[in-house]
Asks: 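Quick one: the structure is below, and I'll ask about it shortly.
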Amino acid sequence: MGIRLYNSLTLQLEEFVPSENNTVRMYTCGPTVYSYAHIGNLRTFTFNDILRRWLRARNFVLHDVMNITDVEDKIIRNSMAKGVPMGEYTTQYEKAFIEDCARMRFLPPWRLVRATEHIPEMVAMIETLQAKGLTYETEGSVYYRIGKFPEYGKLSHNDFGGIRAGARVDVDEYDKDDARDFVLWKSRKENEPYWDTPFGKGRPGWHIECSAMATKYLGNTLDIHAGGIDLMFPHHENEIAQSEGCSGQPFARFWLHCEHLLVDSSKMSKSVGNIYTLRELLEMGYAPEAVRYLLASVPYRKKLNFSLDGLKAAATAIDRLRNFALRLDTDKHPEGVNAALEERAAKSLADFDAGMDDDLNTAEALAAVYEYVRETNSAMDAGGFHAGNVESARRVLARFDEVFEVLKTAVAEGGMSDAEIDALVAERSQAKKSKNFSRSDEIRAQLLEMGVVLEDTKDGARWKRKS
RNA sequence: GGCGCCGUAGCCAAGUGGUAAGGCAGCGGUCUGCAAAACCGUUAUUCACCAGUUCGAUCCUGGUCGGCGCCUCCA
């Protein structure tokens with residue numbers, strides 16, 4: 001049995017197989033770069049990362065594209081308010097986003113593409129839609145006439161039968177013939193950035209960039225299209241209308257949607273003041289790995305209730321695994337191999353994989369690791385863990401970290417080198433051995449101040465950097 | 001109003017028609033010059049409530065209560 005994924009389009013768990021050979025063609029909706037990424041955005045991007053990592057772990061070749069939306073209403077509004085050119089405004093936030101992704105240990109996508117660099121592709125797509133009679137123009141803007149796309153609503157499972165055709169619903173400054181119609185190209189307004197096109201000066205609507213860029217890099221039919229659940233309607237529905245209206249072929253075979261993140265059981269909102277950015281959390285002293293772990297540990301189709309207590313718990317949970325890894329290296333394991341533990345490790349790996357294969361059930365995958373770690377710790381305490389079992393134990397941790405990527409400590413800036421620490425630890429052990437406890441305690445305190453925790457074990461002292 | 005999700009121990013959370021994974025916290029213990037760290041053990045007769053189906057339901061059906069989301073800003 002391979003990977004099963006929940007397809008929003010069919011509302012079913014389906015076995016995932018790419019349409020062609022071993023390559024997965026995947027598109028994920030990226031950020032609109034008008035501010036710093038908050039914890040809610042990061043949940044979706046963490047989901048993207050876990051998905052990509054698991055597909056790779058299952059030996060698929062990834063052609064995944066993520067967009068950067070760098071022209072959009074809020075961007076224009078904010079940059080104009082600041083009197084900064086749009087490109088300058090978006091560049092700073094795009095840079096911040098890339099930095100955040102690195103800190104979150106997201107694998108870079110195969111292609112990271114900017115909307116503003118694909119205007120000709122968008123124009124071409126709109127022209128095709130025009131040629132097919134699927135559009136109309138009002139006051140210089142081009143709209144999609146959804147009445148001509150009967151399948152509209154098939155992704156969000158909305159039945160639009162109740163909406164009166166031809167009703168004029170006033171939603172913004174643009175006039176539409178039907179409430180479902182949406183703008184493909186917006187006519188230029190005073191002082192706004194614009195491009196010259198066959199339909200006049202203006203800028204793209206929000207949805208067209210994804211259709212144009214996904215098609216350009218991945219073809220007419222994607223294997224997977226992923227994003228936050230709030231994009232399902234209207235954004236993804238509109239992408240389908242645009243892409244399928246153009247190509248006549250299914251736009252994506254699998255649609256994956258990541259559920260919302262709540263903060264202390266409530267929706268994030270500025271008025272409540274419960275929006276955290278990654279930067280804020282890091283300034284508060286939380287490790288990016290803890291954020292990553294917390295966001296990854298709840299299966300992506302469940303609402304995730306974020307809290308600072310949960311973040312602390314995540315950090316402690318990571319420590320447990322890091323301690324186990326440290327123990328593998330530093331304990332003196334008797335020679336030989338314990339066959340039962342080899343089987344135990346194999347079971348853990350199989351359970352981990354089974355959990356991930358089951359629609360990325362990270363909670364179940366994690367349980368497989370922790371059960372193994374607990375039992376193996378017990379075996380070490382009892383002397384039943386042998387040198388020959390180290391390798392399989394490392395394989396379990398490696399499999400886990402291939403997906404979760406939290407075991408490595410972020411490299412501390414400055415501080416002591418490993419060699420310096422080793423020397424101090426050795427000196428303390430000597431002092432301790434000769435009952436010079438004041439000196440040994442002094443060194444212990446000194447190390448702690450440098451963020452190094454000493455642990456006395458029956459096999460001698462070992463140390464680790466405080467996380 | 002329409003559509004949908006959810007309600008499992010102090011907190012986070014998995015799961016199955018056959019009697020409750022895992023993590024954190026708490027408590028107990030091992031280790032230790034002291035300590036820390038680490039590790040181990042332990043913590044739900046019960047899965048919001050009521051009724052039904054069933055030999056048997058947390059898991060199926062109906063209802064009640066509660067929380068949340070979407071319905072053209074939104075990851």
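Within every chain, numbering begins at 1; the chains are lettered A, B, ... in the order of the sequence lines, protein sequences first and strands thereafter.
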Asks: Within the sub-3.5 Å range, which N or O atoms of nucleotides 20-22 of chain B have a protein N or O partner, and how far apart are they?
Replies:
| from | atom 1 | to | atom 2 | distance (Å) |
| --- | --- | --- | --- | --- |
| B/A21 | O2' | A/E371 | OE2 | 3.0 |
| B/G22 | OP1 | A/R374 | NH1 | 3.4 |

Asks: For A/T330, give me all partners under side chain to side chain contact (heavy atoms under 4.5 Å, CB included), at least two apart in sequence or on another chain.
Replies: A/L326, A/R462
Asks: Kindly state whether the ring of A/F97 and the ring of A/Y93 have centres lying under 6.0 angstrom apart.
Replies: no
Asks: With both distances under 3.5 angstrom, what nucleotide forms a Watson-Crick or G-U wobble pair with B/U32?
Replies: none
Asks: Using the P atom in both, what is the distance from B/C68 to B/C12, to the nearest Å?
Replies: 14 Å
Asks: Using the C1' atom as the point on both nucleotides, what is the distance between B/G7 and B/U46, in whole Å?
Replies: 15 Å
Asks: What distance, rounded to whole Å, do you find between the two P atoms, one in B/C5 and one in B/C60?
Replies: 12 Å
Asks: May I have all residue pairs that pass salt bridge (Lys or Arg N to Asp or Glu O under 4.0 Å) and include part of residues 30-41 of chain A, sequence neighbours excluded?
Replies: none
Asks: Heavy atoms under 4.0 Å, any strand shown: does A/K435 hit a base, just sugar-phosphate, or nothing?
Replies: nothing
Asks: Looking for any heavy atom pair under 4.0 Å, which part of the strands does A/K464 touch: base, sugar-phosphate only, or nothing?
Replies: sugar-phosphate
Asks: With rounding to the closest Å, how many angstrom separate the C1' atoms on B/A36 and B/C49?
Replies: 48 Å
Asks: May I ask which nucleotide in the shown strands pairs with B/A14, Watson-Crick or G-U wobble, both distances under 3.5 Å?
Replies: none
Asks: How far, in whole Å, is B/G52 from B/C59 if one measures between their C1' atoms?
Replies: 16 Å
Asks: Write out all pairs satisfying salt bridge (Lys or Arg N to Asp or Glu O under 4.0 Å) with one or both partners inside residues 303-313 of chain A, taking only residues at least two apart or from two chains.
Replies: A/E259-A/K303, A/D309-A/K312
Asks: Are A/N361 and B/A14 close enough that a side-chain N or O sits under 4.0 Å from OP1 or OP2?
Replies: no
Asks: Please name the nucleotide paired to B/U61 by Watson-Crick or G-U wobble geometry with both distances under 3.5 Å, or report none.
Replies: B/A51
Asks: Side chain of A/R462 only, please: which of B/A13, B/A38, B/C24 is the nearest?
Replies: B/A38
Asks: Would A/F45 count as stacked on B/A75 if the rule is ring centres under 5.5 Å and plane angle under 30°?
Replies: no
Asks: Tell me what A/G310 touches on the nucleic acid: a base, only sugar-phosphate, or nothing, going by heavy atoms under 4.0 Å.
Replies: nothing
Asks: Considering only atom P, compute the distance from B/U45 to B/U61 and round it to an integer number of Å.
Replies: 26 Å
Asks: Would you mind classifying the nucleic acid contact of A/N238 as base, sugar-phosphate or nothing, using non-hydrogen atoms under 4.0 angstrom?
Replies: nothing
Asks: Regarding A/D456, tell me which of base, sugar-phosphate or nothing describes its non-hydrogen contacts under 4.0 Å with the strands shown.
Replies: base
Asks: Check whether the ring centres of A/H38 and A/F306 lie less than 6.0 Å apart, and answer yes or no.
Replies: no
Asks: Taking the six-membered ring of A/Y6, is the NZ or CZ of A/R301 close enough (under 6.0 Å from the centre) and on axis enough (within 45°)?
Replies: yes
Asks: Could you work out, with side chain to side chain contact (heavy atoms under 4.5 Å, CB included) as the rule, every residue matching A/K154, not counting sequence neighbours?
Replies: A/L9, A/E151, A/E237, A/I240, A/E244
Asks: Who does B/U19 pair with, Watson-Crick or G-U, both distances under 3.5 Å?
Replies: none
Asks: Using Watson-Crick or G-U wobble geometry with both distances below 3.5 Å, tell me the partner of B/U42, or none.
Replies: B/G26
Asks: Can you sort out the partners of A/H386 under ring-ring contact (aromatic ring centres under 6.0 Å, His included), two or more places apart, ordered by chain and number?
Replies: none
Asks: For B/G33, does the base pair up with any side-chain atom of A/S440 as donor and acceptor (N or O, under 3.5 Å, distance only)?
Replies: yes
Asks: Could you check whether A/L326 gets within reach of a base, just the sugar-phosphate, or nothing at all, counting any heavy atom under 4.0 Å?
Replies: nothing
Asks: Only pairs with both distances under 3.5 Å count, Watson-Crick or wobble alike; so what is the partner of B/U72 in this structure?
Replies: none
Asks: When all nucleic acid strands are considered with a 4.0 Å heavy-atom cut-off, which category describes A/K303: base, sugar-phosphate, or nothing?
Replies: base
